[in-house]
Amino acid sequence: MDIQTRKLIFIQEFLKIQSEELISRLEKILIGNEDQFNSFSIEELNTRIDQSLKDSENNKVTESDDLLSEIKQWQ
């Protein structure tokens, strides 16, 4: 599933939320931790992107389903 599809599914699910508390928690994650998302310089971010692209080209990635299966084994 590509990122755009995942975003659309997330938005659709978000629009179904009826809980004020849950929306507040999601807001804190996205807005309240703004510093967390700005902690990299542009150069650092570009370096990380370049490395991620290289990893992807060299098949040094873990599929999300595989990761979820692995996480379940941790418990």
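S56 places no side-chain N or O within donor-acceptor distance of the main-chain N or O of S52, the cut-off being under 3.5 Å. Under the 3.5 Å distance criterion, the side-chain polar atoms of N58 are matched with a main-chain donor or acceptor of K54.
F14 is connected to L22 through a chain of hydrophobic side-chain contacts under 4.5 Å among Ile, Leu, Val, Met, Phe, Trp and Tyr, so both are in one cluster.
For I49, the side chain to side chain contact (heavy atoms under 4.5 Å, CB included) partners two or more places apart in sequence, or in a different chain, are L45, N46, L53. Not a single side chain to side chain donor-acceptor pair (under 3.5 Å) links S64 to another residue, sequence neighbours left out.
Salt bridge E13/K16: present, at least one basic N to carboxylate O contact under 4.0 Å.
No more than 12 heavy atoms of other residues, nucleotides or ligands sit less than 6.0 Å from atom CD of E20.
Between the CG atom of D50 and the CG atom of D55 there is a distance of 11.0 Å, given to the nearest 0.5 Å. Of the inter-residue distances, the one linking L26 atom CG with I31 atom CD1 reads 10.0 Å to the nearest 0.5 angstrom. To the nearest 0.5 Å, the span separating OG on S41 from CD on E43 amounts to 4.5 Å.
Clustering of Ile, Leu, Val, Met, Phe, Trp and Tyr by side-chain heavy atoms under 4.5 Å joins M1 with I9.
Counting heavy atoms from C-beta on, the side chains of R25 and K28 never come closer than 4.5 Å.
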